[in-house]
Asks: 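Could you have a look at this structure, given as structure tokens, before my questions?
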Amino acid sequence: MPATPPTPAFTAQARPKTTPSAPNSTERHGNGSTAPNDARLHQPHRYEQHDAVFPMRVGILVFPGTRLYDLAAAVEVFDTAATSRGRNPANDLTVLTTTDDLTPPVSDVRTRRFTTEATSHDLLVIPGFTTPPESIPTPSAPDIRKLQAAHRQGTHIASLCTGAFWLASTGLLNGKVAVTHWKHCDTLASMHPATTVKTNMLHTCQDRIWTSAGVSAGIDLCLELVRHFEGAATANEVTRTLVLHAQRPGGQWQYMPPAYRTTPCPDPISILQHDVRLNPAGTWTSTLIARRLGISIRTLERRFRSTINTTPKAWLTEQRLDCVRELLETTTLGIETIAHRTGFTSADNLRRRFRDRYGLTPSQYRNAFPTPSSHHEPG
């Protein structure tokens with residue numbers, strides 16, 4: 001598109017602000033402590049919204065090792081949002097480089113150095129990286145100061161996928177909830193224990209700090225940001241133009257393979273886990289489990305709490321739900337049959353437990369992982 005002189009950027013202060021509701025629950029930090037959590041984090045598409053009076057000014061940071069998918073996805077979503085409102089995207093969107101030798105492979109988008117003009121943006125986006133979390137570059141002291149200053153002056157800051165590691169290194173995720181790719185959630189919690197990592201979320205928002213889960217979940221977050229700044233009508237127009245889901249059901253857990261879904265269990269619980277997986281419909285009472293491990297019920301409760309931070313009952317439900325998911329992914333069995341095979345006694349009970357845990361129905365989950373045959377047993 002033809003380049004046009006940039007219009008004066010609105011500062012973030014010019015835009016009406018929303019504030020999170022009072023915290024009413026607690027979540028566990030990477031270091032084992034607990035902290036308040038905004039209940040709306042469990043409803044990622046229900047943030048407070050305002051009428052979009054001003055166009056959104058977006059800056060996308062790029063670094064050595066930036067994942068091109070994340071960069072292109074963010075450019076495409078925000079470019080489409082501007083176009084749908086009849087604006088020139090060149091006036092709304094800027095790619096900000098952190099080093100002089102970076103030339104982002106994007107066309108028709110302004111490219112500038114990440115300087116003090118960071119505070120002129122309503123939103124700064126940090127894409128993910130192609131490198132392992134341990135190799136993600138550490139932000140420089142000047143970049144940290146610029147980002148913190150922008151946030152203090154009202155700028156929203158969003159990380160996509162493993163961009164959360166770079167963002168966490170600035171200190172802006174301390175005391176906040178966050179998410180990243182499911183493969184790296186444990187690493188994020190370990191490297192940044194002051195951050196509460198929400199493995200199952202597709203994206204989070206707290207105090208104008210946004211994070212997304214892995215790869216394509218970055219598009220979900222970009223759409224949510226368009227909805228937040230520009231309103232639902234513009235977000236819906238973007239989804240229609242780019243042929244996207246307006247709202248993806250469920251969380252990140254539905255995409256995690258069994259090896260990552262299961263909490264590592266030290267012996268002898270690992271032996272018990274193997275037995276339960278072989279016969280999930282068995283009568284696994286606390287008394288039977290305690291007898292199987294050769295300990296008292298009180299010791300059983302204490303051991304589960306100290307080793308894997310849960311109760312035997314909750315652990316058993318989690319094992320059975322994992323079996324349900326494997327059957328949904330690999331068979332065409334009906335829901336009623338799966339319920340009886342996994343110890344949930346009825347399809348209604350299974351549906352209720354499944355939705356409570358994953359935020360979607362068994363049928364919705366199965367549709368995301370279709371088996372070779374599209375014909376399923378009734379139920």
Side-chain angles (χ1 to χ4, degrees), residues 17-31 33-49 58 61 70 73-74 77 122-129 133 147 151 155-229 235 245 247-256 357-360:
K17 292 297 186 293
T18 61
T19 55
S21 59
N24 58 7
S25 63
T26 59
E27 295 296 342
R28 188 157 300 278
H29 282 250
N31 62 2
S33 63
T34 57
N37 172 34
D38 185 354
R40 286 179 298 155
L41 288 166
H42 298 278
Q43 303 175 33
H45 292 277
R46 297 181 184 176
Y47 300 123
E48 293 178 88
Q49 298 174 9
V58 182
L61 280 67
D70 290 355
V77 169
D122 299 307
L123 170 66
L124 292 173
V125 179
I126 303 160
F129 293 83
L147 205 68
H151 184 253
T155 299
H156 290 243
I157 299 171
S159 66
L160 310 182
C161 195
T162 54
F165 285 87
W166 192 92
L167 179 57
S169 295
T170 69
L172 286 171
L173 282 180
N174 290 350
K176 296 182 177 63
V177 295
V179 69
T180 186
H181 193 288
W182 55 263
K183 283 186 177 181
H184 306 305
C185 281
D186 288 345
T187 304
L188 181 62
S190 175
M191 292 177 63
H192 301 281
T195 301
T196 301
V197 181
K198 303 287 292 181
T199 306
N200 190 38
M201 300 299 295
L202 286 177
H203 48 82
T204 66
C205 172
Q206 187 175 1
D207 188 26
R208 304 191 315 281
I209 300 290
W210 308 67
T211 64
S212 85
V215 194
S216 65
I219 295 180
D220 295 277
L221 175 55
C222 289
L223 284 172
E224 187 61 38
L225 287 161
V226 171
R227 185 176 291 109
H228 177 86
F229 281 95
H245 283 293
Q247 179 175 343
R248 190 179 350 187
Q252 188 171 216
W253 272 63
Q254 62 185 297
Y255 303 101
M256 297 167 63
R357 180 64 181 87
Y358 303 118
L360 69 169

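Just the heavy atoms: all of them, side chains too, but no hydrogens, waters or symmetry mates, feed the values below. The model shown is predicted, which means the values in this text are computed figures rather than measured ones.
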Asks: Are H181 and V215 side-chain neighbours, meaning at least one heavy-atom pair lies under 4.5 Å?
Replies: yes
Asks: Look up atom OG in S159 and atom CG in L221, then write down how far apart they are to the nearest 0.5 Å.
Replies: 7.5 Å
Asks: V77 and side chain to side chain contact (heavy atoms under 4.5 Å, CB included): which partner among D220, I219, L225, V58?
Replies: I219
Asks: Compare all side-chain heavy atoms of L160 with those of I126 and state whether any distance is below 4.5 angstrom.
Replies: no
Asks: With heavy-atom distances below 4.5 Å as the criterion, would you say the side chains of D122 and T155 are in contact?
Replies: no
Asks: Any sub-3.5 Å donor-acceptor pair from S169's side-chain atoms to F165's backbone N or O?
Replies: yes
Asks: Quick one: does any side-chain atom of H192 pair with a main-chain N or O of A194 as donor and acceptor, under 3.5 Å?
Replies: no
Asks: Starting at CG of L123, measure out to CD1 of I157 and round the result to the nearest 0.5 Å.
Replies: 9.0 Å
Asks: Looking at C161 and G128, what are the two nearest heavy atoms and their distance?
Replies: CB-CA, 4.4 Å
Asks: Looking at G163 and F129, what are the two nearest heavy atoms and their distance?
Replies: CA-CE1, 4.1 Å
Asks: Do the non-hydrogen side-chain atoms of T196 and K198 ever get within less than 4.5 Å of each other?
Replies: yes
Asks: Calculate, to the nearest 0.5 Å, the distance between atoms CG and OG belonging to L223 and S212 respectively.
Replies: 11.5 Å
Asks: With a 4.5 Å heavy-atom cut-off, do T162 and H184 have their side chains touching?
Replies: yes
Asks: Given 3.5 Å as the limit, does a donor-acceptor pair link the side chain of T199 with the main chain of C185, or not?
Replies: no
Asks: Side chains of V197 and V179: closer than 4.5 Å at any heavy-atom pair?
Replies: no
Asks: Using modelled atom types only, decide if a donor and an acceptor are shared between the side chain of Q206 and the backbone of V177 within a distance under 3.5 Å.
Replies: yes
Asks: I'd like to check the side chain to side chain donor-acceptor pair (under 3.5 Å) partners of T211; sequence neighbours left out, ordered by chain and number.
Replies: T204
Asks: Any heavy-atom pair between the side chains of L61 and V125 that's under 4.5 Å?
Replies: no
Asks: Are H151 and H156 near enough that their ring centres are under 6.0 Å apart?
Replies: no
Asks: Rounded to the nearest 0.5 Å, how far does OG1 of T180 lie from CG of L188?
Replies: 6.0 Å
Asks: Mind checking the CH2-NE2 spacing from W210 to H228? Nearest 0.5 Å is all I need.
Replies: 5.0 Å
